[in-house]
Amino acid sequence: MRFDVISLFPELFEPFFTHGINRRAFESGQVAVKLWNPRDFAEGNYRRVDDRPFGGGPGMVMMAEPLWRCLQAVRAERAEPLEDQAPLVLFSPVGPRLDHAGVVGWSNSTGAVLLCGRYEGVDQRFIDACVEQQISLGDFVLSGGEIAAMALLDAVARLMPGVLGDEGSHQQDSFNTALDGLLDSPHLTRPEVWEGPHGPVPVPEVLLGGHHERIARHRREQSLAITAQFRPDLLDHARAQGRLTPTDEAFLALGKKL
């Protein structure tokens with residue numbers, strides 16, 4: 001799997017590739033990433049990659065020509081058949097929101113070319129001619145697409161075999177199909193009784209007994225409760241998909257909260 005990242009600030013990615021658990025995916029080459037700077041493909045002494053928008057307005061717009069030359073260099077190095085070329089992906093408010101299903105899809109792909117926009121955006125002519133997919137992280141605006149690119153790479157990397165210490169860790173992530181798309185249950189660790197600001201808070205007895213079936217049921221109920229409280233839309237989706245059991249529905253009917 002290979003991702004080529006087109007960014008005016010490739011230096012932002014360096015710490016990302018060398019810290020944290022997910023660095024294993026990048027260091028091992030399971031997720032290969034190459035950074036490309038459009039400035040290297042710009043003309044003139046100033047290597048200009050942006051200019052003022054036609055029609056006026058604030059800010060600057062990334063120019064089509066340096067991006068086009070950069071993309072051609074990426075395509076030449078990837079050397080993929082035309083029919084199997086990795087898509088050029090732009091992080092943009094126009095695209096659908098990235099979700100767990102989308103991340104899983106990318107983790108099973110051969111990769112992509114990721115374009116990180118800056119300033120007021122990218123010349124629309126380049127988008128129309130070259131961009132095949134657009135992705136959004138949500139209904140807000142970032143200063144550039146680099147953070148969005150890191151989010152996608154991070155989410156994909158943690159799904160690679162051997163990256164997480166426990167192979168089953170990501171199976172218990174929120175939104176995972178192993179949890180029927182629900183939120184993960186809360187997690188507790190030592191001490192058994194925490195002397196918090198509102199008095200002692202013990203760990204639920206069921207988690208201390210070692211009875212695996214009871215623990216699994218407790219965690220399922222906690223997952224149902226937290227999803228019903230904070231993301232009822234996920235609960236509705238799971239119900240529509242037939243993923244809730246009669247036992248689940250009986251618990252939800254009690255209306256318990258965390």
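- Looking at Arg52 and Glu120, no side-chain N of the basic residue comes within less than 4.0 Å of a carboxylate O on the acidic one, giving no salt bridge.
- With salt bridges taken as basic N to acidic carboxylate O contacts below 4.0 Å, one links Arg217 and Glu221.
- The 12-atom threshold is not exceeded at CD of Glu192, counting heavy atoms of other residues, nucleotides or ligands nearer than 6.0 Å.
- Atom-to-atom distance recorded for Leu234:CG and Ile226:CD1 is 11.0 Å, nearest 0.5 angstrom.
- With a 6.0 Å radius and a threshold of 12 heavy atoms from other residues, nucleotides or ligands, Leu188 has its CG atom above the threshold.
- Counting heavy atoms from C-beta outward, Glu77 and Val74 have side chains that stay 4.5 Å or more apart.
- Ion pairing between a basic and an acidic side chain is recognised when a charged N comes within 4.0 Å of a carboxylate O; Asp236 and Arg231 show no such pairing.
- A donor-acceptor pair is defined here as one N or O able to donate and one able to accept, closer than 3.5 Å; no such pair exists between the side chain of Asp40 and the backbone of Trp36.
- A heavy-atom distance below 4.5 Å is found between the side chains of Leu88 and Leu115.
- Annotation: side chain of Pro38 is not in contact with side chain of Met63 (no heavy-atom distance under 4.5 Å).
- Annotation: side chain of Ile135 is in contact with side chain of Trp106 (closest heavy-atom distance under 4.5 Å).
- Using cut-offs of 30° and 60° on the angle between ring planes, the pair Phe13 and Phe17 is parallel.
- No donor-acceptor distance shorter than 3.5 angstrom exists from the side chain of Arg78 to the backbone of Glu80, with no hydrogens or angles considered.
- One finds the CZ atom of Arg118 at 9.5 Å from the CE atom of Met62 (value rounded to the nearest 0.5 Å).
- In this structure a side-chain-to-backbone donor-acceptor pair under 3.5 Å is present from Gln30 to Pro161.
- Glu213 CD: 12 or fewer foreign heavy atoms inside a 6.0 Å radius.
- Look at Glu249 and Arg239 and you find a salt bridge, because one of the NZ, NE, NH1 or NH2 atoms lies within 4.0 Å of a carboxylate O, short of that distance.
- Under the 3.5 Å distance criterion, with hydrogens and angles disregarded, no donor-acceptor pair is assigned to the side chains of Ser185 and Gln222.
- Of the possible polar contacts, none joining the Asp154 side chain to the Ala151 backbone as a donor-acceptor pair under 3.5 Å is found.
- Taking the side chain as every heavy atom from C-beta outward, Phe140 and Leu142 approach each other to under 4.5 Å.
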Report task. Run the numbers on His187 and Asp184 for side-chain hydrogen bond (donor to acceptor under 3.5 Å, both in side chains), then give the verdict. Result -> CA-CA 9 Å; His187 299 277; Asp184 191 9; 2.7 Å; yes
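- Taking the charged nitrogens against the carboxylate oxygens, Arg97 and Asp99 have no contact shorter than 4.0 Å, which rules out a salt bridge.
- Here the CG-CG distance, from Asp180 to Leu224, works out to 8.5 Å after rounding to the nearest 0.5 Å.
- One finds the CG atom of Leu153 at 6.0 Å from the CZ atom of Phe3 (value rounded to the nearest 0.5 Å).
- Between Asn37 and Ile6 there is no side-chain heavy-atom pair separated by less than 4.5 Å.
- By the neighbour-count criterion of 12 heavy atoms within 6.0 Å, atom CD of Glu43 is sparsely surrounded, having that number or fewer from other residues, nucleotides or ligands.
- For the pair Lys34 and Val5, the minimum side-chain heavy-atom distance is 4.5 Å or more.
- For Arg47, the side-chain hydrogen bond (donor to acceptor under 3.5 Å, both in side chains) test picks out no residue, with sequence neighbours left out.
- Of the possible polar contacts, one joining the Ser28 side chain to the Arg24 backbone as a donor-acceptor pair under 3.5 Å is found.
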